[in-house]
Amino acid sequence: MLNKKFFERPTLEVARNLLGCCLINGECVGKIVETEAYLADDPASHSFRGKTARNAAMFGLPGTAYVYFVYGNHYCFNVVTAPEGVGEAVLIRALEPLKGIGLMKKRRRREDVLQLCNGPGKLVEAMDIKMKNNGKNLMEGSLRLELRAVPGRIVSCERIGISLGKELPHRFFINGNKFVSKSKTKDI
DNA sequence: CCGAGGATCATCT
DNA sequence: GATGATCCTCGGT
């Protein structure tokens, strides 16, 4: 179980430290292998233009979930990081499935284990994360985070799928991990 | 392997 | 009316 101290550091550092942590929901468990940081002064961040009904959870206590709906089809899952009111979060972009893989396959309607959680919308579907999880504390409860294992070598690069702030190297992943999204990513 | 295009809707201009 | 922190299918190479 993660504690408050885990989040008492800069968001970019938390984004790195979340790699190797486990996300748990019911019988399903996945190891975080890819993250992206979104800072308060970052034009790509939902919090950039201030608090609204949609992004309110992002301004909540560190360690809470920020879930939002995008592209008419998908949800994305973030972990709030900065102190309350600041508006920073880490987008969870990929998991390595560890437990409950059969259930993940059913929810995703796919058999290929590599395709279950290798993208932000995919892992939300596989882990059955819903809007009702928005604003909930991830240090306790049914959807929660567990402390990191040794994650291997971490590398960073530009973020994916955004138009603003592209140049910022705020994407982090475990080098060589097969479950990272955009698997063509070269080993560095 | 890669790129283009469609699905689909809440939010903002 | 346009856009978006995405995913999937299809067609070309």
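Letters A, B, ... mirror the listed sequences (proteins, then strands); counts begin at 1. Source: prediction; values computed, not measured.
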Closest-nucleotide 5' rank along DNA chain C - winner of A/A44 and A/Q115: A/A44
Main-chain N/O of A/F6 paired with A/N3 side-chain donor or acceptor, under 3.5 Å: yes
What is the distance, rounded to the nearest whole Å, between atom CG of A/L114 and atom P of C/dC8? 13 Å
Length of the line joining A/I162:CD1 and C/dT6:P, which is rounded to integer Å: 9 Å
Would you mind classifying the nucleic acid contact of A/Y75 as base, sugar-phosphate or nothing, using non-hydrogen atoms under 4.0 angstrom? nothing
Determine the contact category for A/M58: base if any of its heavy atoms lies under 4.0 Å from a base atom, sugar-phosphate if only primed atoms, P, OP1 or OP2 are that close, otherwise nothing. base
Return the value, rounded to whole Å, for the distance between atom CZ of A/F173 and atom P of C/dA5. 21 Å
Separation of C/dA5 atom P from A/E34 atom CD, nearest Å, is 16 Å
For A/N73 and C/dA5, what is the distance between atoms CG and P respectively, to the nearest whole Å? 14 Å
Does anything in residues 7-23 of chain A reach DNA chain C, meaning a heavy atom under 4.0 Å, and if so which residues? none
Check: A/Y68 side chain, C/dA5 base, donor-acceptor under 3.5 Å: yes
hydrophobic_cluster_shared for A/L18 and A/I24, side chain cutoff 4.5 Å: no
Any side-chain donor-acceptor pair under 3.5 Å between A/K51 and A/N55? no
Linking I/L/V/M/F/W/Y whenever any side-chain heavy atoms sit under 4.5 Å apart, do A/I32 and A/V113 land together? yes
Results of side-chain contact (heavy atoms from CB on, under 4.5 Å) for A/K166 - residues two or more places apart only: A/I162
Shared hydrophobic cluster, A/I92 / A/M131 (ILVMFWY, side-chain heavy atoms < 4.5 Å): yes
On the 0 to 90° scale, with breaks at 30° and 60°, tag the A/H46-A/Y68 ring pair as parallel, tilted or perpendicular. perpendicular
Categorize A/G72 for me: base, sugar-phosphate, or nothing, with a 4.0 angstrom heavy-atom threshold over every strand shown. base
Can you tell me which residue pairs pass the ring-ring contact (aromatic ring centres under 6.0 Å, His included) test with a partner in residues 77-122 of chain A, sequence neighbours excluded? none
Separation of C/dC8 atom C1' from A/H74 atom NE2, nearest Å, is 8 Å
Pull out every stem in DNA chain C, meaning runs of 3 or more consecutive Watson-Crick or G-U wobble pairs with both distances under 3.5 Å. B:1-7 with C:6-12, B:9-12 with C:1-4
Would you mind classifying the nucleic acid contact of A/F69 as base, sugar-phosphate or nothing, using non-hydrogen atoms under 4.0 angstrom? sugar-phosphate
Phosphate OP1/OP2 of C/dC8 contacted by A/K122 side-chain N/O (<4.0 Å): yes
Derivation of the salt bridge (Lys or Arg N to Asp or Glu O under 4.0 Å) call for A/R110 and A/E125: CA-CA 11 Å; A/R110 304 245 172 266; A/E125 186 173 34; over 6 Å; no
Which ones in residues 87-111 of chain A lie close to DNA chain C, meaning a heavy atom under 4.0 Å from one of its atoms? A/L91, A/R93, A/R108, A/R110
Sequence neighbours excluded - side-chain hydrogen bond (donor to acceptor under 3.5 Å, both in side chains) pairs with any residue from residues 22-40 of chain A: A/E34-A/R93, A/E34-A/R171, A/E34-A/S181, A/E36-A/Y38
Kindly say if A/S45 contacts the phosphate of C/dA5, meaning a side-chain N or O under 4.0 Å from OP1 or OP2. no
Establish, with yes or no, whether the OP1 or OP2 oxygen of B/dT11 is under 4.0 angstrom from a side-chain nitrogen or oxygen of A/T52. no
If I take atom NE2 in residue A/H46 and atom C1' in nucleotide C/dT6, what distance separates them, rounded to the nearest angstrom? 12 Å
Euclidean distance, atom CG of residue A/L116 to atom C1' of C/dC8 [Å, nearest integer]: 15 Å
Connected via hydrophobic side-chain network under 4.5 Å: A/V14 and A/L61: no
Nearest heavy-atom approach of A/A94 to A/V180 is CB-CA, 4.1 Å
